[in-house]
Amino acid sequence: MKALVFHEHGDLNQTAVANIPQPEIGPNDVLLQVKAAALNRLDLWVLAGWPGLNLKLPHVMGSDGAGIVAAVGADVQNVQVGDRVAVNPTVSCGQCAYCQSGRDNMCDHFAILGEHLDGFAAEYTAVPAKNLIPLPDHIPFEAAAAASLVYVTAWHSLITVGKLQAGESVLVVGAGGGVNTAVIQIAKLAGANPIYVVGSNADKLARAQELGADVLINRQEENWGKAIFKATNRQGVDVVVDNVGAATYHASLRSLKKGGRLLTVGNTSGPKFELDNRLIFGKHLQILGSTMGPHSDYVKVMEMVFNGRLHPVIDTIYPLQNGPTALQHLQDGDVAGKLVLIP
Ligand code: ZN
């Protein structure tokens, strides 16, 4: 079967669409015929690799997918061959104390499909049956694939961890990426008001406005920290969503109201930076980190996608064959929403 893989860690030159054997499934797995896969910035981190990441190579890329059940393992009860399904990309053991208490995204054996295990950018992939949810007929495979990772991540961060309430003000640092587009929509759905979005150009900001942003700040034209200070009568906002990291953290913390929360699920500009601790205790701030979300959050947020209250944003759909081109597009960074691959 065809798959978007890399044979060694490195740069985009290591990626190719190759013929590899169809995966085998265990008793609790299904073989998924992938109808749509989606890329995330995570794919570029995995390609580059990091100390301690030991993958079976070649590695199949892509953490998001949806498709049709092509075969089921001997012990699978919840789905049948022919079912349309979306797949929660978080893999957990189901046995450890975290899993037993419903926090399966903190599992002692936590893994992500496409990160630690083979992903979806292939004609077929093997996935645990418990990760599947039924995909209604009216939802395209592309939308389900585009939604999975970023929506469960954004929902868990904003709603479950951040406890965002109607009427609270939110600042989203960044307008274009998949998580931020999901964050803006979920904040709107939760009744946040106003929603400030900082972006790097007018196009991305215009799209953020369509998703629910109330106040747009172009960081090329003004100092966004000062703009927030001014727009909030020097009070700051209740919640900042910062997945940029090194380049923005200090300004993000300064933009918070006393008692405010900074939510983070990643760091596109780098993970290490200095913090002025006086900001944290002096203003009673909370920094709340999370990664992915438990299956219960995946079910909740996908229900919102299926009932039309959340709309995954797709930038471009590519045939699987053009996977390396899509990865280049992702790396170049001029992306508004998700890049989808069709096997
Ligand atoms: Zn576990």
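Start at 1 and go down the list; that is how both ligands and their atoms are numbered.
- A side chain to side chain contact (heavy atoms under 4.5 Å, CB included) with V335 is found for exactly one of D315, L39, V313, T316, namely D315.
- Each of D83, V76, N78 was compared with Q80 under the side chain to side chain contact (heavy atoms under 4.5 Å, CB included) criterion, and only D83 meets it.
- The pair K56-D118 counts as a salt bridge, with a side-chain nitrogen and a carboxylate oxygen less than 4.0 angstrom apart.
- By the 30° and 60° cut-offs, the orientation of the rings of H329 relative to Y318 is perpendicular.
- Just one of M302, K35, R84 meets the side chain to side chain contact (heavy atoms under 4.5 Å, CB included) condition when paired with L135; it is R84.
- Looking at T248 and D242, their side chains do bring a donor and an acceptor atom within 3.5 Å of each other.
- For the Zn ion (ligand 1), protein N, O or S atoms closer than 2.8 Å were enumerated as C93 SG, C96 SG, C99 SG, C107 SG, with waters left out.
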